[in-house]
Amino acid sequence: MPELPEVETIARLVRPALVGRRIAGLRASWKRTLGGAAPSSVARAVCGATLASVGRRGKFVVLALERAGAPAGGLFLHLRMSGRLHVDPMEAPRRPYERVSLALDDGNELRFVDVRKFGRFVFARDPGAILGALGPEPLDAAFTAEWLDRGLRSRRRALKPLLLDQTFVAGLGNIYVDESLFRARLHPLTRSDRVGPDGAARLWRAIRRTLGEAIEREGSSFDAFYLTPEGQPGSYQERFRVYGRDAKPCRRCGTRIQRLVVGQRGTHVCPRCQRRSRSRR
DNA sequence: AGCTACTCCTGGTAGC
DNA sequence: TGCTACCAGGAGTAGC
């Protein structure tokens with residue numbers, strides 16, 4: 001599923017085709033993708049605006065809009081489970097599961113394709129309305145081991161649901177949380193306030209390395225859902241240490257990887273490398 | 001505050 | 001072979 005590394009890869013690949021283009025039209029074939037706004041009002045808000053930049057914040061692709069050189073809101077794209085972006089010539093046949101498309105002034109279209117319809121393609125005048133509640137970017141300088149240590153200490157939640165909480169840190173999802181916890185040798189159910197400074201430092205390093213390596217490999221493609229806009233799969237899935245490796249031997253110690261459910265999410269651990277803190281009654 | 005359950009969706013697949 | 005039932009999962013919400 002697209003998480004930070006996949007979204008970053010997508011934003012990078014789609015950027016050259018979009019920056020500087022003027023929006024000529026918008027079509028929505030599944031209204032909910034627009035987040036509840038009427039297609040006509042979204043069209044009015046974006047048509048004629050220029051795509052000033054293509055960025056990423058957490059798991060959002062952010063298309064900043066300008067009119068006459070002044071900021072004019074943005075489009076905030078969340079791919080959720082199965083969303084994909086394509087830039088196609090206008091005359092190319094519609095893609096299956098296409099939900100929203102933006103016509104550009106160069107004859108191309110940005111197409112938002114989403115089998116499961118969970119994805120969002122939302123216009124907002126104020127970026128803060130969409131992004132305001134997000135926690136820090138895990139690859140930014142502001143996200144330090146000390147910050148993480150304090151953050152873990154100030155909550156009393158199981159590590160996994162806390163790391164999945166986008167208001168705590170932005171961009172992590174199920175895969176990279178499992179991978180990061182394994183690398184930090186922390187159990188997903190360990191309470192955050194019992195991790196300690198050493199554990200926090202290991203977790204910090206694990207998150208940065210895992211995300212960094214995944215971006216280098218253009219994300220993970222283990223099923224048909226995630227492909228880069230060029231149609232290429234990422235290759236980080238070959239490096240998974242625990243995710244999807246249920247019953248396979250741990251790459252570190254050989255113990256069978258276990259699958260459990262934490263917060264309704266499939267969770268993968270090495271029971272030997274990731275000991276659950278025993279201080280828990 | 002933080003937990004669980006439920007919702008939104010559909011293609012893929014396990015099980016019969 | 002062909003069918004059905006269930007699963008995956010990010011995030012929002014409701015209820016406890």
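Below, read A as the first sequence line, B as the second, and so on, with proteins coming before strands; counting in each chain starts at 1.
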Rounded distance in Å - [atom1] ([X]) to [atom2] ([N]):
X	N	atom1	atom2	value
A/Lys117	B/dT7	NZ	P	18 Å
A/Arg155	B/dC3	CZ	P	11 Å
A/Lys160	C/dG9	NZ	P	8 Å
A/Arg116	B/dT7	CZ	P	18 Å
A/Leu162	B/dT4	CG	P	14 Å
A/Leu189	B/dG2	CG	C1'	14 Å
A/Asp165	C/dG9	CG	P	18 Å
A/Leu159	B/dG2	CG	P	13 Å

Whichever of A/Arg120 and A/Pro161 has the more 5' nearest nucleotide on DNA chain B, that residue is A/Pro161
[N] phosphate, OP1 or OP2, under 4.0 Å from [X] side-chain N/O:
X	N	result
A/Tyr243	C/dA8	no
A/Tyr97	B/dG11	yes
A/Arg191	B/dG2	no

Test: side chain to side chain donor-acceptor pair (under 3.5 Å). Region: residues 57-75 of chain A. Which pairs qualify, not counting sequence neighbours?
A/Arg57-A/Glu137
Quick one: side chain to side chain donor-acceptor pair (under 3.5 Å) pairs with a partner in residues 155-165 of chain A, sequence neighbours left out?
A/Arg157-A/Asp165, A/Lys160-A/Asn174, A/Lys160-A/Asp178, A/Lys160-A/Thr267, A/Asp165-A/Thr167
Are the side chains of A/Val262 and A/Pro161 in touch, meaning some heavy atoms are under 4.5 Å apart?
yes
Would you call A/Phe143 and A/Val169 a side-chain contact if the rule is heavy atoms closer than 4.5 Å?
yes
Among B/dC8, B/dT10, B/dG2, which nucleotide has an atom closest to any side-chain atom of A/Arg156?
B/dG2
From the candidates B/dG2, C/dA8, B/dG11, the one with an atom nearest any side-chain atom of A/Arg259 is C/dA8
Any residue meeting salt bridge (Lys or Arg N to Asp or Glu O under 4.0 Å) with A/Asp149, in chain and number order, not counting sequence neighbours:
A/Arg153
The salt bridge (Lys or Arg N to Asp or Glu O under 4.0 Å) partners of A/Arg21 (sequence neighbours excluded) come to A/Asp105, A/Asp106
Could you pull out every donor-acceptor pair under 3.5 Å between side chains of residues 117-136 of chain A and any protein atom, sequence neighbours left out?
from     : atom 1 : to       : atom 2 : distance (Å)
A/Arg120 : NH1    : A/Phe118 : O      : 3.3
A/Asp126 : OD1    : A/Gly128 : N      : 2.9

One character per nucleotide, please: for nucleotides 10-16 of chain C, 5' to 3', B when the base has a protein heavy atom closer than 4.0 Å, S when only the sugar-phosphate does, - otherwise.
BB-----
